[in-house]
**Q** 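Dropping a structure here in structure tokens format, bear with me for questions.
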Amino acid sequence: MKNSIQIKKHFFLLFVGFVFASCLTNVDEEVVINDDPAIEDPCSTITYTLNVRPILDNNCTTCHSTNGGQPPNLETFENASANAIIIRSEVVRRTMPIGGSLTDEEIQAISCWVEAGALNN
């Protein structure tokens, strides 16, 4: 009986030791918040007027315009915005523009614009 109590006591102490040891190793990771204004989200500066419109004009509207005849017509913001998901899909898969290719930066600019809501900014 005395041995049984000692064994239970040892198991209890061993159990308590494991509990405390596991608490010491279960420490939350330090969260680092970016307070450096020099490190900025690359999408934050993308606008339709300055970034997306020139890409469309230089690479898409030869075919996708009134004169080009291929739908969708991408000459206006309204049409580009209405087709933003399709535009992003085609350029990311590199199926458009036919006979050419956008740079990674141009594809990223279009993706950022679409993900931000395809705004007229």
Side-chain angles (χ1 to χ4, degrees):
M1 182 77 162
K2 197 174 191 182
N3 284 340
S4 176
I5 293 174
Q6 283 183 339
I7 292 173
K8 287 181 184 179
K9 189 194 258 184
H10 287 299
F11 277 119
F12 176 76
L13 291 174
L14 188 62
F15 173 76
V16 170
F18 279 124
V19 169
F20 283 119
S22 68
C23 289
L24 293 174
T25 60
N26 190 14
V27 178
D28 290 335
E29 292 181 21
E30 182 179 337
V31 177
V32 177
I33 299 174
N34 178 17
D35 289 334
D36 185 358
I39 301 173
E40 187 176 309
D41 175 16
C43 289
S44 66
T45 59
I46 301 298
T47 68
Y48 175 75
T49 305
L50 295 176
N51 304 100
V52 177
R53 177 81 257 147
I55 297 168
L56 297 178
D57 286 343
N58 293 329
N59 298 281
C60 306
T61 57
T62 301
C63 299
H64 297 281
S65 63
T66 305
N67 294 332
Q70 296 296 316
N73 183 325
L74 301 178
E75 292 178 298
T76 66
F77 163 76
E78 290 75 18
N79 289 347
S81 179
N83 291 285
I85 301 292
I86 296 168
I87 294 168
R88 178 181 61 184
S89 173
E90 296 295 320
V91 300
V92 166
R93 292 184 314 161
R94 295 186 186 268
T95 55
M96 287 288 168
I98 293 176
S101 183
L102 301 180
T103 66
D104 291 341
E105 291 77 19
E106 290 171 322
I107 293 170
Q108 183 64 38
I110 289 172
S111 294
C112 287
W113 173 68
V114 173
E115 290 168 11
L119 303 174
N120 190 6
N121 52 4

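One is the number of the first residue; the rest follow in order along the sequence.
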**Q** Applying the side-chain contact (heavy atoms from CB on, under 4.5 Å) test to Asn59, which of Pro97, Pro54, Ser101 qualifies?
**A**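 Only one option passes, and that is Pro97.
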**Q** How far apart are the closest heavy atoms of Thr61 and Ser65, and which atoms are they?
**A**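 Minimum heavy-atom separation between Thr61 and Ser65: O-OG, 2.7 Å.
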**Q** What residues join Leu102 in its hydrophobic cluster, counting side-chain heavy atom gaps under 4.5 Å, either direct or through other members?
**A**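 The other cluster members (ILVMFWY side chains, heavy atoms under 4.5 Å, direct or chained) are Ile46, Tyr48, Val52, Ile55, Leu56, Leu74, Phe77, Ile85, Ile87, Val91, Val92, Ile107, Ile110, Trp113, Val114.
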**Q** Quick check: does any side chain N or O of His64 sit under 3.5 Å from a backbone N or O of Pro71, one acting as donor and the other as acceptor?
**A**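 At least one qualifying donor-acceptor pair exists.
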**Q** Of all the heavy-atom pairs spanning Ala118 and Ser81, show the shortest one and how long it is.
**A**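 Heavy atoms only, the tightest pair is O-OG, 3.3 Å.
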**Q** What residue pairs, at least two apart or across chains, pass ring pair (Phe, Tyr, Trp, His ring centres under 6.0 Å) with a residue in residues 79-103?
**A**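 Checked against ring pair (Phe, Tyr, Trp, His ring centres under 6.0 Å) - neighbours excluded - no pair reaches residues 79-103.
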**Q** In chain order, what residues pass the side chain to side chain donor-acceptor pair (under 3.5 Å) check against Thr49, with sequence neighbours excluded?
**A**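 If we apply the side chain to side chain donor-acceptor pair (under 3.5 Å) test to Thr49, skipping adjacent residues, there are no hits.
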**Q** Asp104: which residues meet the side chain to side chain donor-acceptor pair (under 3.5 Å) condition with it, sequence neighbours left out?
**A**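 Testing Asp104 for side chain to side chain donor-acceptor pair (under 3.5 Å), a comparison that skips the adjacent residues, returns Arg94.
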**Q** With sequence neighbours excluded, tell me which residues meet disulfide (SG to SG under 2.5 Å) with Cys112.
**A**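 Cys112: disulfide (SG to SG under 2.5 Å) contacts with Cys43.
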**Q** Can you pull out every side chain to side chain donor-acceptor pair (under 3.5 Å) where at least one residue sits in residues 83-92? Sequence neighbours excluded, please.
**A**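 Sorted pair list: Glu90-Arg93, Glu90-Thr95.
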**Q** Not counting sequence neighbours, which residues clear side-chain contact (heavy atoms from CB on, under 4.5 Å) with Thr62? List them please.
**A**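 None.
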**Q** In the hydrophobic clustering that connects Ile, Leu, Val, Met, Phe, Trp and Tyr at side-chain heavy-atom distances below 4.5 Å, which members other than Ile98 occupy its cluster, ordered by chain and number?
**A**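 Its cluster partners, ordered by chain and number, are Met96.
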**Q** Say you draw a straight line from CG of Asn51 to OG1 of Thr45; how long is it, rounded to the nearest 0.5 Å?
**A**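 Between Asn51 CG and Thr45 OG1, I get 6.5 Å after rounding to 0.5 Å.
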**Q** Who passes side chain to side chain donor-acceptor pair (under 3.5 Å) against Asp57, sequence neighbours left out?
**A**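 In terms of side chain to side chain donor-acceptor pair (under 3.5 Å), with neighbours along the sequence ignored, Asp57 is linked to Arg53.
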**Q** Going by disulfide (SG to SG under 2.5 Å), name the pairs with one or both residues in residues 67-110, residues two or more places apart or in two chains.
**A**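 Sorted result for residues 67-110: empty, none.
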**Q** Could you note down all residue pairs passing salt bridge (Lys or Arg N to Asp or Glu O under 4.0 Å) where residues 60-81 supplies at least one of them, sequence neighbours left out?
**A**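 For residues 60-81, and leaving out neighbouring residues, there are no salt bridge (Lys or Arg N to Asp or Glu O under 4.0 Å) pairs at all.
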**Q** Could you tell me which residues satisfy side chain to side chain donor-acceptor pair (under 3.5 Å) with Gln108, sequence neighbours excluded, listed by chain and number?
**A**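 Gln108: no side chain to side chain donor-acceptor pair (under 3.5 Å) contacts found.
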